[in-house]
Structures are given as C-alpha cells and as structure tokens.
2 protein chains.
Amino acid sequence: MSARMTAIYYRVAEDLKEKIMTGKLLPGEMAPSESQLVEAYGISRMTVRQGIGLLVDGGYLYSVPGKGYYVAAPNLDKIIIDASQDRFFGQKMKVTLKKVDVVTADDTLAAKMETRAGEIILRMQLTLNSREGPVALDCRYLPYRKGEPLLENELQYADFPHIAARHSKVVLARSQFTIGAVLLAVEEAKALETEPGTAALCIEQLLFDRGGKPLGWSRMVCRSDRYVMTGVAYPYAERV
Amino acid sequence: MSARMTAIYYRVAEDLKEKIMTGKLLPGEMAPSESQLVEAYGISRMTVRQGIGLLVDGGYLYSVPGKGYYVAAPNLDKIIIDASQDRFFGQKMKVTLKKVDVVTADDTLAAKMETRAGEIILRMQLTLNSREGPVALDCRYLPYRKGEPLLENELQYADFPHIAARHSKVVLARSQFTIGAVLLAVEEAKALETEPGTAALCIEQLLFDRGGKPLGWSRMVCRSDRYVMTGVAYPYAERV
DNA sequence: TAGTGGTCTAGACCACGGA
DNA sequence: CCGTGGTCTAGACCACTAA
C-alpha cells in the first residue's frame, strides 16, 4: 500500500509475519499483545495497531476481543483465477468479432437471462486466436435495446463485463462462472479447425446488476489442447 | 469485522459506500477529503481515516498522496472458486479412499514433483460420489518417506493440502490449479460408470512449500454431466 | 480485578501535488 | 503557498475475558 516501507508499523507487521512464517509462532498460538509490542518497540499503541491491522487483513492473525490476537491457520480454499480479458485467463489471445445479430430467445437462453422465450436478444460471436491458431469460440448475449447501436470497435476490444455494463447503463455487481467439459459440435470443431468430438472447456459467464438481475450471458468453448485455465490459491492476502 | 456496527467510522464508510453504489460518486471522481469528513461528521481525523480505510481495503477507493481519494472502477477480473474439500467446489460429495500404494515416478510425474524419474512416490486414489453415483476420480501423489505410515482415516477425511503439509512437516505456501477438458480413458470411464470418450473436467493441483518446492500433486477427472465448477467475481471485498 | 482488544480524540510533523 | 494523504503520539473510555 505505502510506497515507503520504512514506517514503524510496517516493521512491526514484518517482524510478526516473519515469526509466523518461520514457525516461531504456530497457528492457534497467541501473538504478542498490543501492550507488549508497545513496550518492545517503544512506540504508541495506535502505531502497533496499524501494524497488526495489516496482518489481520492479510489473514495471518485474527483477534478475539478480551483475549488477544491468535495466529490463523493457513487456508488454501479459495482459488483465484485471473480473468483479465486482455490476457484471457493468463494467456495472450487475439480477439476477433465474427458476427453481431439478434436472435429470439429459446427456453434455455430465456432461462439464463431471466426473460421470456421469444424475447429478442443481441448476440455477438467472437473467436479467440493464439499464434497456433483458433483457440476458442465465445458467444455473448445481451438484452436487445433498440436505438442503441453498439460500436464494433468497442465490442472487439472491451471485455464483456464492460460492454454489458455500458449497454445497460448500470454498474455491475457480480459475475458468475460455470466451468465444464463438453465435446465439440460439428460447426464448433470446424471453426476451431479440429475434429468433432474433441474435448473442450466450456466456460459460461453470467453478469448481474446490483439487483441480482442478469445483464448478460456468455458461453465460450475452448480447445483443451490449446488452452487450460490456471488458478492459484494463497493462504494470505499479501500486504506486508 | 467488528461485531458492533454502531461505530462512527463504520458509519462514515457506509455513507461513502452508499454514495458510490448509488452513483452519486462515480468511478474516477474524487471522494470527500479527510478534513471535509472531519468537518461533516464532527469527529477526529483518525476516526475518519479508519472509515475510509475500510473502503480502500474493500477496493471502493484508492488514495493518491498529495491529492486525495478517488473512486475505483469496479473490476470483475478475479474469479474466486471455493475449493473447500468438504464441499468439493461447492457441492457435497462423499469421498472414498480406494487404494494407497507406491509407484516409481515416470518422466511426467517426476517433472511435476521436480524430482528424478525412478524416484519412489506415494500414490493415493480416491473416488468422489454424489447421490447420483460416481462423479470423480482423484489421484494424489506425495514424496515417499519411509517410516512414516499415513493413517487411512486422515487420508480419507482431511483435504489434500492438509495431508501434504503434515506429511512433509511444512507450512504450505501456495497451490496451483490447472483446469482442462479431457476424454475419459477406458478404465476411468469404467470407474465412473460411463462410456469411454465422455468429456470430463481434469483438475490438477500442485502444492508448494515456502521455498517454491513441490510438495504434492493431484489429478482429478470429473464426469462433466455430474459436475461443473462454479466461481464468482465480485468487484469489491465486502467489508462494510 | 487486571489484562485484552475496540473505539475515539486532538494534536503533531512529513512528503507530495498543484496553483 | 496551501491542501492533501501518511505517519505517529499520548492519552481516554468501553466491553469483554479470565482468574
């Protein structure tokens, strides 16, 4: 956070973190109390608290009012996948807009968008390419709004959440992903220059506004020989 | 974080968050300065800073020293997948330990574990079942340590990171996931009670210690008709 | 009762940015 | 120059926990 790492509170946090990371303080054990640290460093309590706050936020410590601070057990339960559009889940990819049209929603599409079957939906079809060739087909759906032409430029270069947010003139609140495996259909395989029946990743993304209403849906199929998703899990939020 | 939501700093944060969420403060705009909030609420600067700190940590605001606080643009780039073992990526699953044995590492396994081919590796094979039947096969590998019998009880109920950490007597630092799509092999399909050539999710997990050394590797194949991974992306870390 | 963390105050000095 | 946020102080009162 701070550019200068020379702050005293920062030093307090580093020292405590070091004790935790080297096993001098084990999960479940009590960390030094605030007053002990005030004493040890010869600084004021608020400064000590600022340092401890970094470790609490980072998941290293948790506090029990009336008792003290305890060392938290590391946990690797949350996988984080970097889905920045320009890097396409960690890899550089060239995005090409193939087609924009409108379709009438069938039952499944209507269910996803929480609208009625027969509703008019805007559809965008994109291809993602790496140097080796086509990697994925992405099909994105937005509610159709007449009199609001979308700029193809934007469609091609902005990521889906941004397009959907601008299209609906709202702020996005949440995005939900579903990741599965499918066999490529004939047309999909053709577009991806491979054989039908090849295994592919299928990544669906549903966008919601603050009211929990769906703003857009996308379905992407990826040649699994050219692309795998990667994610990491860290026990701590690195802040110190 | 705090049990009582009646703290003044908490109120400051809530009020600012409300302004951001309702569009009264737009991304890129400058938030009220600390001194303005001191004035407006009639409280001291440190209390104001505590409130603002919640929003900064939550990703609502960022500070530019010498200038002020700005409203951050919401970003949905980080997908979070809850991989708690007992819920198996969000779904309840019965885990059965099928076999524990030792194998000699072939080239690919040796590469994953960063050891030499021919090295002895401990292998655990598990099956995951839902009410509908078998869902996934999980094969886990740990470096073999003689004289350290693993308790089958633990193997069955503890999650892989915990087993690996205890086995190697270290603290885990990181876990890396690779998610792809594969076609089920004959034996896999048989164990999963389906046909060879069915599409399946393949989730690999590599565990590292603090020195970046691999501590364990697992490969799981999941019937995609019975299981899909789900993840969410939130623009903000909810703290207020 | 003594110790803990949670909240809050009213100051202070600093580095940085912009007019 | 003044306003901004970043750091730090030396107190205070509170609710809670444990002995």
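Protein chains get the first letters and strands the later ones, always in sequence-line order, with residue 1 at the start of each. Everything numeric in this text was worked out from a predicted model, so none of it was measured.
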A/E34 side-chain proximity, nearest of D/dT7, C/dC8, C/dG5: C/dG5
Heavy-atom donor-acceptor pair, B/R45 side-chain to D/dT7 base, under 3.5 Å: yes
Under 3.5 Å donor-acceptor pair, A/R49 side-chain atoms to C/dT7 base atoms: no
Value in whole Å for how far the C1' atom of C/dT7 lies from CZ of B/R11: 17 Å
side-chain N/O A/S35 vs C/dT4 OP1/OP2, d < 4.0 Å: yes
Short side-chain N/O contact to D/dT4 OP1/OP2 from B/S63, under 4.0 Å: no
Whole-Å distance separating the CE atom of A/M46 from the C1' atom of C/dG11: 13 Å
Whole angstrom value for the distance that separates C1' of D/dG6 from OH of B/Y69: 8 Å
OP1 or OP2 of D/dC8 under 4.0 Å from side-chain N/O of A/Y9: no
Most 5' of B/I43 and A/I52 on DNA chain C, judged by nearest nucleotide: A/I52
Separation of C/dT7 P from B/I8 CD1 (nearest whole Å): 11 Å
Nucleotide C/dT4, atom P - distance to CE of A/M30 in whole Å: 9 Å
Residue A/T47, side-chain heavy atoms: nucleotide from D/dT9, C/dG6, D/dT7 that is nearest: D/dT9
A/E114/A/K213 salt bridge by N-O under 4.0 Å criterion: no
Distance test, side-chain N/O of B/S33 to OP1/OP2 of D/dT4, below 4.0 Å: yes
A/R226 side chain vs A/S130 backbone, donor-acceptor pair below 3.5 Å: no
Atom-to-atom span, CD of B/Q50 to P of C/dC8 - whole angstrom: 7 Å
Atom-to-atom span, CG of B/L37 to P of D/dG3 - whole angstrom: 16 Å
Integer-rounded Å distance: C/dT4 C1' and A/E39 CD: 16 Å
Closest to side chain of A/S44, choosing from C/dT7, C/dG17, D/dA10: D/dA10
A/L172 vs B/P235 side-chain heavy atoms within contact, under 4.5 Å: no
Residues A/D15, A/R11: salt bridge by 4.0 Å N-O rule: yes
Atom CD of B/E39: over 12 foreign heavy atoms under 6.0 Å: no
Under-4.0 Å side-chain N/O to phosphate OP1/OP2 contact, A/Y41 with D/dT9: no
Distance below 4.0 Å between A/K67 side-chain N/O and C/dG5 OP1 or OP2: no
